[in-house]
Amino acid sequence: MGQKTPQIYSVELNGAKDMKQTDKGDDKDKYRGLWSTCLELRKNHHKEHVTKEIDLGLSSTQAAELLARDGPNALSPPQETPEIIKFLKQMVGGFSILLWVGAILCWIAYGIQFSNDKSSSLDNVYLGTVLALVVILTGIFAYYQEAKSTNIMASFSKMIPQQALVIRDSEKKIIPAEQLVVGDIVEIKGGDQIPADIRLLFAQGCKVDNSSLTGESEPQPRSCEFTHDNPLETKNIGFYSTTCLEGTATGMVINTGDRTIIGHIASLASGVGNEKTPIATEIEHFVHIVAGVAISIGVLFFIIAVSMKYRVLDSIIFLIGIIVANVPEGLLATVTVTLSLTAKRMAKKNCLVKNLEAVETLGSTSIICSDKTGTLTQNRMTVAHLWFDNQIFMADTSEDHFKQTFDQSSGTWASLSKIITLCNRAEFRPGQERVPIMKRVVVGDASETALLKFSEVVLGDVMEIRKRNHKVAEIPFNSTNKFQLSIHKTDDPTDKRFLMVMKGAPEKILEKCSTIMVNGQEQPLDQSTAEAFYTAYMELGGLGERVLGFCHLYLSADEFPETYSFDVDAMNFPMSNLCFVGLLSMIDPPRSTVPDAITKCRSAGIKVIMVTGDHPITAKAIAKSVGIISANSETVEDIAKRLNIAVEQVNKQDAKAVVVTGMELKDMSEDQLDEVLTSYPEIVFARTSPQQKLIIVEGCQRQDAVVAVTGDGVNDSPALKKADIGIAMGIAGSDAAKNAADMVLLDDNFASIVTGVEEGRLIFDNLKKTIAYTLTKNIAELCPFLIYIIVGVPLPLGTITILFIDLGTDIVPSIALAYEKAESDIMNRKPRHKKKDRLVNKPLAVYSYLHIGLMQSLGAFLVYFTVYAQEGFRPSTLINLRVEWEKDFVNNLEDSYGQEWTRYQRKYLEWTGYTAFFIGIMIQQIADLIIRKTRKNSIFQQGLFRNKVIWVGIASQIIIALILSYGLGSITALNFTMLRPQYWFVAVPHAFLIWVYDEVRKLFIRLYPGSWWDKNMYY
Amino acid sequence: MAALHEKKSCSQRMEEFQRYCWNPDTGQMLGRTLSRWVWISLYYVAFYVVMTGLFALCIYSLMCTLDPYTPDYQDRLKSPGVTLRPDVYGEKGLDISYNVSDSRTWTNLVHTLHDFLEGYSPAAQEDNINCTSNKVFIQESFGAPNHTKFSCKFTADMLQNCSGLQDPNFGFEEGKPCFIIKMNRIVRFLPSNTTAPRVDCAFLDQPKDIQPLQVEYYPPNGTFSLHYFPYYGNKAQPHYSNPLVAAKLLNVPGNTEVVIVCKILAEHVTYDNPHDPFEGKVEFKLKIEN
């Protein structure tokens, strides 16, 4: 792995230098291909040639040929594992292997028995078949579950087919983008998605948003100039899946489908291996424990049996029996059901889980690397602050209610609001009158949208206001003059003056002003007001907000009569001595649920790291406002500023927070990154390229952390894949990201991750309970066999009966434990340590096997002995009776009263014994189920009736047992007989004993935390 | 990636294991210090002693509830099983075959019968009383010595020709063998109230080409006298011995395998349980070679 990863960074977008350095290995050819295509195109296509092609385009036949050669212009979906492989994987994963071994051993056992004695019972064959069936059925079930979640994913990728305007046969045609071929001439305009990698031949004011590629949403100008050798840097190439923001362009398709840059990145993601999920590791560990116990007990008793002079053949059969009795057949299905129940629950809370095992991974997450835009923030610019009359006013930035509470009585506000309304080109799409203002679709860029919505909320119908103030001239915003200007007739019919309104970069606006409006009165702009302006500007800028200045000027009616014709090119109007009105700052505000979620994460011991392509100041401001950097922690720079010393002099240990930029990250070695990650609890990575995300994720994983990564772009997919759990955004996320992720956040909301974490932790706890519950009765199933071998009593519990416990009475209860509520606030404890906090730890196994399991066995044996004694065989008679008992030709075996029994009469009694033992276990499993509701709290603290499903489980146990004993009592193949009603209650005192013992255990754990008892008894 | 870093070499693993077995820094063996081991062992010893004690108590109280003379339930023993002597088992059930002319093939069978009848010698039956009533022998009180009940004598000589006294070879050498049929004991079981239970032997699926089986029963009529019933259990009747019926088969066809079934005919004895071939009847294959 370590050798391969650098290749992923080779799509580093910051410069050709990087590219050449890292461009080694397998990917070399791909890029060379890309390069040469570009360069070739540059050289070969002479201008006139190209012009001709623009007019003509490809002919349909040419296009068809090329389409046949190159295939459709679409990203091929990631290599799907064949369904059959997926299916087989379910059949051999983890537990299944153990069960297969069990099944095969059963058949071998029968083979041995059969070769020995032709009339041997078919029990072992049944058992083996049932085991095999269990594996197959649970495999099918797990496969079905997986397939279901995959299907949900598939629905995402069905997007509206993209269209492209192409010139073919010298005609403009609209064709599906999939049919584009190399050499096609396509036309794009603002708002379009670029349908393939194209080389621009003609462009007018064209700007593209490359965020899906680079993660940076800054608009980038595009022209037909060749400016750089690196295709990623040059201005004359537009990339597949990026969007054209404004302007128009015509270009020639140079790459289609997987050969596009985005196609390369997507294919790189598939090169990053998937880590094994923590729960898979835990289950494997559990299988090891169970197998270890089974095999060691099996071998131990093999030796005992041999030394007790049993025949070796019999001993081998015992060995197999013991191993089989130890396998919890039903657990595989239970775990799958439990996980899928939680997955369903999480889906309701907007976390869609693709891989069932990822459910738990989220719970063990210790670091979340989160995106900023859209995940932590609302992903829309919103007016946050206003400054006028020498005062900063706050605006409401929450998602829904948009009540502005600042002082609107001032005359300055009247002017400012007019500028905001008029100097704005954004418009609502028509037909949205019923839609809440904040949700309406707007045509225009982010800041103008923010201003439009802001003014619509505050002032009412903006379009009406604009209509009344007819626009006579306009200079749109551009990056050279950095302002926007428009001239309007006023709505006051008596006032014949034109109103010139202007907004733009505050310092540029201020330059043009000579007066400032305070409380509705124009005042000369003096030194002190200018200073006040700069203070406010710096303050707002320091909050990471985008600040705009606003000014206006009433043009005198004498100089500019109503008929005056304004010429925006000649600028025949004054551009100085305007009146400064105010500042307004905007930010993409954090989602209102996020700060709370971050606090929860922090108390849950989860480190939240922000990784963003945004400016460090903005990043830091957002981090502060959501709590990623908590209120009282400072960065080194903050401390330096506060103490007024140089940054180098600051003791780094004083700083809790750090903001690392992509540039700094680039120069860091692995060790330095590790140091940053370990020494600061609050970290923000700003200006990072999405590829650096991968470095950060790996850094976190080196700290043994379970890392969750959020992402939406195609470029995030390697990081999503690398992460222990990749979380893609459901709304903003690209398909590639969703494909690479393990989980999809349907509402793009960070807070949903936290609920996911909670569910994940709960499921881990509850799986522990389920496993403890399941393991307990393994001993009660095993003991009969051991006693049978050593003491020689008639077999107390048949193998078929064991299956009825494992796959019958115990299934619903163990699933019911998944519905158990958390014992304490699970969000207040540290995430579990991957290697220390195991699902099945020593205390769990020891307590289940040696304490409760043993008590259960004794209880079940009591029922068994009671049944035999009341039928005439006292326990003393039973000892060493095995050989005689099992002889088919002994038909007058004497019991304790001198009565004589035929073989069949004994057999029937033996089955009654099985049933009795079964009922004994079942009754005590009810107690076991109740005690497993909690691990530390008293049952009475947890509430006996809060989890209704537990009672469904108990009812199912009893009903199944009743059916088996009374309903199927006459079917001898199942070895169940009618059991006298009183025997159902023999084990009840033992069940209570189990409950009391466990309550005592929990009491001591609560009383003496950290004590010897706690360490040995808390699982 | 983390998983790769975890890969340990074999020697490392061994070292770790050794450290687990004995950690000189902390004085821990197998993860615990000696005193911890003592503590945990003490806990387990205590726990298991208490659990065993509780279990013993449970068993003890179970024993106290049991009636020493009669089991609480006899639902599995509604009808007695029947056994046969000599008892030689083949692949499926009783399978007896011998060659009349070869004494080695039947001496073992004869020997079995002798051994079996040893328990019915007058010496062995000394403690039992002579009964002649041929009626059900109800004893509510413990009239016999040592707080027991009386048992009726059954001596081998009651089997007359099949007692082994007159004919020590039980008719095997002449192809007319004796078989002894015994009914299993069941406490307080009465095969019938008035008529004595009777043994009836016949070919199973009477073959057409041979005559019906002719049998000579001892005691005469092949009855178990009713005074041997009911049985009061081995505590009340320590010397009780089951009454027997001997069946001397007179016309077994030679050199063919026949299946013979001996049923007990009595009011309360059933022989039609499809699962239990030994309930109220006994089947056996017989092949006599000349």
Side-chain angles (χ1 to χ4, degrees), chain A residues 1-2 5 118-119 273 275-276 281 698 701-702 704 722 834-835 842 850-851 854-855 858-859 861-862 865-867 869-876 887-909 912 972 980 986 989-990 993 997 1012-1013 1016, chain B residues 1-6 31 36 39-40 43-44 47-48 51-52 54-55 58-59 62-63 65-66 68-77 80-84 87-89 91-94 182-187 189 231-238 240 242 273 275-279 282:
Chain A
M1 217 46 249
T5 34
K118 296 278 178 298
S119 60
E275 301 271 312
K276 198 182 243 170
T281 323
E698 281 173 359
Q701 282 175 338
R702 276 198 299 276
D704 261 348
K722 181 72 209 165
K834 251 204 285 194
K835 284 174 194 148
K842 217 186 328 173
L850 297 184
H851 294 231
L854 182 103
M855 291 166 92
L858 289 180
F861 265 109
L862 185 64
F865 280 127
T866 308
V867 167
Q870 297 204 321
E871 289 278 353
F873 288 93
R874 290 159 188 257
S876 49
K887 274 185 190 156
D888 276 333
F889 48 86
V890 173
N891 278 300
N892 56 345
L893 187 77
E894 242 181 85
D895 66 10
S896 319
Y897 291 88
Q899 305 184 99
E900 290 165 319
W901 296 67
T902 66
R903 172 67 181 131
Y904 179 77
Q905 285 163 342
R906 296 198 304 268
K907 221 180 223 171
Y908 199 88
L909 180 58
T912 312
T972 50
R980 281 169 210 286
V986 174
H990 270 82
L993 184 69
Y997 180 70
W1012 173 85
W1013 183 272
N1016 281 292
Chain B
M1 187 168 272
L4 271 179
H5 290 215
E6 258 178 64
R36 289 287 173 210
W39 275 112
I40 197 109
Y43 180 80
Y44 274 96
F47 177 69
Y48 287 141
M51 289 317 296
T52 319
L54 275 176
F55 187 69
C58 289
I59 295 289
L62 166 69
M63 291 293 126
T65 64
L66 296 178
Y69 296 102
T70 322
D72 293 354
Y73 302 111
Q74 293 176 292
D75 51 346
R76 292 327 313 151
L77 297 174
V82 177
T83 53
L84 182 85
D87 46 351
V88 178
Y89 282 83
E91 280 273 306
K92 272 194 165 182
L94 290 159
K182 184 188 130 228
M183 194 161 76
N184 279 353
R185 294 190 294 256
I186 296 173
V187 170
F189 175 75
Y231 171 55
Y232 285 104
N234 54 6
K235 194 172 166 76
Q237 294 178 306
Y240 180 89
N242 301 30
N273 185 341
H275 301 295
D276 191 350
F278 291 94
E279 187 183 302
V282 60

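Labels below follow one simple rule: chain letters A, B, ... track the order of the sequence lines, proteins then strands, and each chain is numbered from 1.
- Here the CH2 atom belonging to B:Trp39 is positioned 12.5 Å from the CH2 atom belonging to A:Trp1013, to the nearest 0.5 angstrom.
- Aromatic ring orientation, A:Tyr904 versus B:His275: parallel (interplanar angle below 30°, classes split at 30° and 60°).
- Contact of A:Leu850 with chain B is made through backbone and side chain together, with heavy-atom distances under 4.5 Å.
- The line from CD of A:Glu900 to CG of B:Asn242 is 5.0 Å long, rounded to the nearest 0.5 Å.
- Neither the backbone nor the side chain of A:Lys907 has a heavy atom closer than 4.5 Å to any heavy atom of chain B.
- With respect to chain B, the highest number of heavy-atom pairs below 4.5 Å among A:Asn1016, A:Leu909, A:Leu993 belongs to A:Asn1016.
- Of the two parts of B:Tyr231, only the side chain, counted from C-beta on, holds a non-hydrogen atom closer than 4.5 Å to a non-hydrogen atom of chain A.
- Contact detail for A:Tyr897 and B:Tyr69: the closest heavy-atom pair is CD2-O, 3.4 Å.
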task = For B:Phe278 and A:Asn892, run side chain to side chain contact (heavy atoms under 4.5 Å, CB included): C-alpha distance rounded to whole Å, both residues' side-chain angles, the deciding distance at 0.1 Å, then the answer.
result = CA-CA 10 Å; B:Phe278 291 94; A:Asn892 56 345; over 6 Å; no
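- Taking CD of A:Glu894 as the start and CG of B:Asn234 as the end, the distance is 6.5 Å to the nearest 0.5 Å.
- For B:Ile186, the parts sitting under 4.5 Å from any heavy atom of chain A are the backbone and the side chain alike.
- One finds the OG1 atom of A:Thr912 at 7.5 Å from the CG atom of B:Asp75 (value rounded to the nearest 0.5 Å).
- Here A:Thr866 contributes atom OG1 and B:Leu62 contributes atom CG; the two are 4.5 Å apart, rounded to the nearest 0.5 Å.
- Neither the backbone nor the side chain of A:Thr281 comes within contact range of chain B, judged by heavy atoms closer than 4.5 Å.
- Heavy-atom distances place the side chain of B:Phe47, and not its backbone, under 4.5 Å from chain A.
- Summarising the geometry of B:Ile59 relative to A:Pro875, their closest heavy-atom pair is CG2-CG, 4.3 Å, with the distance given to 0.1 Å.
- Here the rule is side chain to side chain donor-acceptor pair (under 3.5 Å) with A:Gln899, and of B:Gln74, B:Arg76, B:Arg185 only B:Gln74 fits it.
- Neither the backbone nor the side chain of A:Arg906 comes within contact range of chain B; no heavy atoms are under 4.5 Å apart.
- Looking at B:Tyr44, only its side chain comes within 4.5 Å of chain A, counting heavy atoms on both sides.
- In this structure, no portion of A:Phe873 lies under 4.5 Å from any heavy atom of chain B.
- Between the side chains of A:Gln905 and B:Asn184, no donor-acceptor pair of N or O atoms lies under 3.5 Å.
- Heavy atoms closer than 4.5 Å to chain B are found in both the backbone and the side chain of A:His851.
- The nearest pair of heavy atoms linking B:Pro68 to A:Arg874 is CA-NH2, 3.7 Å.
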Candidate pair B:Tyr73 and A:Val867, rule side chain to side chain contact (heavy atoms under 4.5 Å, CB included), full reasoning = CA-CA 9 Å; B:Tyr73 302 111; A:Val867 167; over 6 Å; no
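- A:Ala869 and B:Leu66 make their closest contact through CB-CD1, 3.8 Å (heavy atoms, listed as atom of the first residue, atom of the second, distance).
- Heavy-atom minimum distance, B:Phe55 versus A:Leu862: CE1-N, 3.8 Å.
- For B:Asp87, the side chain to side chain contact (heavy atoms under 4.5 Å, CB included) partners at least two apart in sequence or on another chain are B:Arg85, B:Tyr89, B:Leu94, B:Thr112.
- When each of B:Tyr232, B:Tyr43, B:Tyr240 is scored by its heavy-atom pairs under 4.5 Å with chain A, the top score falls to B:Tyr43.
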